[in-house]
Amino acid sequence: MPKQPGIQLLRALAAIMVLIGHVLAEAEHYFSTTLPFSNFPWSRGVDIFFVISGFIITLSAQRLQTQPDAARRFLWRRFIRVAPLYYLFTTLMIVALVLVPGGAKDTQFDLGQIVSSYLFWPYERYDGRLAPVLSLGWTLNYEMFFYLIFAAALALPKRVGSLAVVGFISFLSAVGVIFSPEFTPVAFWTNPTMMAFAYGVLIARADLAGIGPKRGGLLVLMVGVAALMILNTDSMSLPRFISSGIPAAIIVSAPVLFSRQGGGPRLGLLLGDASYALYLSHRFVLRLATLLLLPYLPSTETAAWVFVSLVSLAALVVSLGVYRWIEEPMLRAMRPAS
């Protein structure tokens, strides 16, 4: 499926938001200071990723729905898109835990967690958090579950398949809100955070139906960002699928329903291509930079900003290298011929 420049730029934005949030939090912790902009909900870039995923998967599944063995083909394509690079960085994390136990922050060697990480199975670790050994991978557990739901829906008529996905995710979310299940996998899969995927599906259906004025995109984008900031303030105390999922949906709808797809800055599009590599690799860069730079930086706010700038730049450069020399070759080698 052809890449959409607006979505590519949003992928870059989402990954950079997560990067900045983690780097700012690390800087504030080690430099014992509060930095400007740290209250912005940077981590909600993940919700933008989820909405984009719902949108992209709906469009790409249209090509497969009428083909033989559609579900298997769909799952294999999604697996090779997501799993190889994730498995690589998960393995690197395990190697780090074995060779440098104190070098991996907030992570312990747990065989059950390691096995569940490779299986994309939700696991409650020692501190109560539901996360794999590479903690960022919690989002991949949601992605894989979403793919399974969509694969099942491919057996339905094209006009209702994606709506069935929305209905099923809404049902699971209602179960989570009403019953608050305690069994770890069920608690994870009924978390209403998954509604962000459903929002993306609905945006895709609107796009396929030709709904949207194709103008006013910048204004809609600004409204989405403002809503993300306002709804995530402490005073609001709203569920994440509302406070972050809905603003993320507004943000993603801006280039899809309210803009005409054109070009985009080359670097931004390249960072969109490398966004998955950035998401998976930036924690490694951040941890290594923390170990190497902190002994040489004074405990001042200026030094904290130097740290933030250097680490962010290094993470971006590394992600481009990972995409160019690792992710792209793996995808080419494993991608189906047709």
Side-chain angles (χ1 to χ4, degrees), residues 1-23 42 44-61 63 74 76-90 92 134 136-137 139-140 142-144 146-147 196-197 200 203-204 207 217 221 248 251-256 259-286 311-337:
M1 186 182 72
K3 295 177 180 177
Q4 299 193 25
I7 292 297
Q8 285 296 98
L9 294 176
L10 286 184
R11 290 178 63 196
L13 171 66
I16 291 171
M17 283 175 62
V18 175
L19 164 67
I20 292 175
H22 287 156
V23 176
W42 299 104
R44 278 13 186 188
V46 165
D47 300 81
I48 298 175
F49 269 132
F50 285 166
V51 177
I52 290 174
S53 181
F55 171 76
I56 293 294
I57 294 306
T58 304
L59 295 186
S60 62
R63 296 170 49 206
F74 170 79
W76 175 244
R77 292 185 181 191
R78 299 320 306 168
F79 180 83
I80 63 174
R81 177 64 185 89
V82 168
L85 196 65
Y86 170 68
Y87 283 166
L88 172 64
F89 282 104
T90 295
L92 289 177
L134 180 63
L136 293 165
T139 61
L140 279 302
Y142 277 127
E143 287 279 352
M144 283 299 184
F146 173 61
Y147 298 159
F197 292 105
I203 292 171
D207 185 41
L221 179 65
I251 289 170
V252 174
S253 72
V256 176
S259 302
R260 297 186 183 277
Q261 289 288 336
R266 185 174 179 181
L267 179 59
L269 297 175
L270 182 58
L271 287 173
D273 288 335
S275 59
Y276 186 46
L278 175 59
Y279 180 73
L280 291 178
S281 67
H282 78 273
R283 275 292 196 180
F284 292 87
V285 177
L286 174 57
V311 174
S312 299
L313 179 61
L316 291 172
V317 171
V318 168
S319 72
L320 292 173
V322 170
Y323 171 71
R324 177 65 179 85
W325 290 301
I326 298 177
E327 184 182 7
E328 255 196 331
M330 285 196 304
L331 289 175
R332 282 198 302 267
M334 300 182 70
R335 187 176 291 127

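The first residue of the sequence shown is numbered 1, and numbering continues consecutively from there. As a basis for the values below, the full set of heavy atoms in this structure was taken, side chains included, without hydrogen atoms, waters or symmetry mates.
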Output a table of donor-acceptor pairs, distance under 3.5 Å, between side-chain atoms of residues 44-57 and any protein atom two or more places apart or on a different chain; print 'none' if there are none.
| unit_1 | atom_1 | unit_2 | atom_2 | d |
| --- | --- | --- | --- | --- |
| Arg44 | NE | Ser244 | OG | 3.0 |
| Asp47 | OD1 | Arg240 | NE | 3.1 |
| Asp47 | OD1 | Arg240 | NH2 | 2.8 |
| Asp47 | OD2 | Arg240 | NE | 3.1 |
| Ser53 | OG | Glu143 | OE1 | 2.8 |
| Ser53 | OG | Glu143 | OE2 | 3.3 |

Could you give me the CA-CA distance, side-chain angles and deciding distance for Gln4 and Leu59, then say whether side chain to side chain contact (heavy atoms under 4.5 Å, CB included) is met? CA-CA 11 Å; Gln4 299 193 25; Leu59 295 186; 3.6 Å; yes

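Judged as a side chain to side chain donor-acceptor pair (under 3.5 Å), the pairs with a partner in residues 264-278 (not counting sequence neighbours) are, in order, Lys3-Asp273, Gln8-Asp273, Arg11-Ser275. Among residues at least two apart or in separate chains, salt bridge (Lys or Arg N to Asp or Glu O under 4.0 Å) pairs with a member in residues 312-327 are Arg81-Glu327. Each salt bridge (Lys or Arg N to Asp or Glu O under 4.0 Å) pair with one or both residues in residues 311-320, not counting sequence neighbours, would appear here, but there are none. Each salt bridge (Lys or Arg N to Asp or Glu O under 4.0 Å) pair with one or both residues in residues 311-322, not counting sequence neighbours, would appear here, but there are none.
Take Thr90 and apply the side-chain contact (heavy atoms from CB on, under 4.5 Å) test, not counting sequence neighbours, and it matches Tyr86, Ile94, Ser117, Tyr118, Val133, Leu134. Every residue two or more places apart in sequence or in another chain was checked for a ring-ring contact (aromatic ring centres under 6.0 Å, His included) with Tyr323, and none qualifies. Partners of Leu316 according to the side-chain contact (heavy atoms from CB on, under 4.5 Å) rule, which considers only residues two or more places apart in sequence or in another chain, are Ile16, Leu19, Leu271, Leu278. Residues satisfying the salt bridge (charged side-chain N to carboxylate O under 4.0 Å, His left out) test with Arg78, not counting sequence neighbours, are none. When the side-chain contact (heavy atoms from CB on, under 4.5 Å) test is applied to Arg332, the partners found at least two apart in sequence or on another chain are Glu328, Pro329, Arg335. With sequence neighbours excluded, the residues satisfying side-chain hydrogen bond (donor to acceptor under 3.5 Å, both in side chains) with Thr139 are Tyr279. Scored by the side-chain contact (heavy atoms from CB on, under 4.5 Å) test, Leu313 finds Val317 as partners (sequence neighbours excluded).
Judged by distance alone, with hydrogens and angles left aside, the side-chain atoms of Ser259 form a donor-acceptor pair with the main-chain N or O of Ala254 at under 3.5 Å.
The minimum heavy-atom distance linking Ala12 with Gly268 is given by the pair CB-O, 3.7 Å.
Using cut-offs of 30° and 60° for the angle between ring planes, the Tyr147 and Phe74 rings count as perpendicular.
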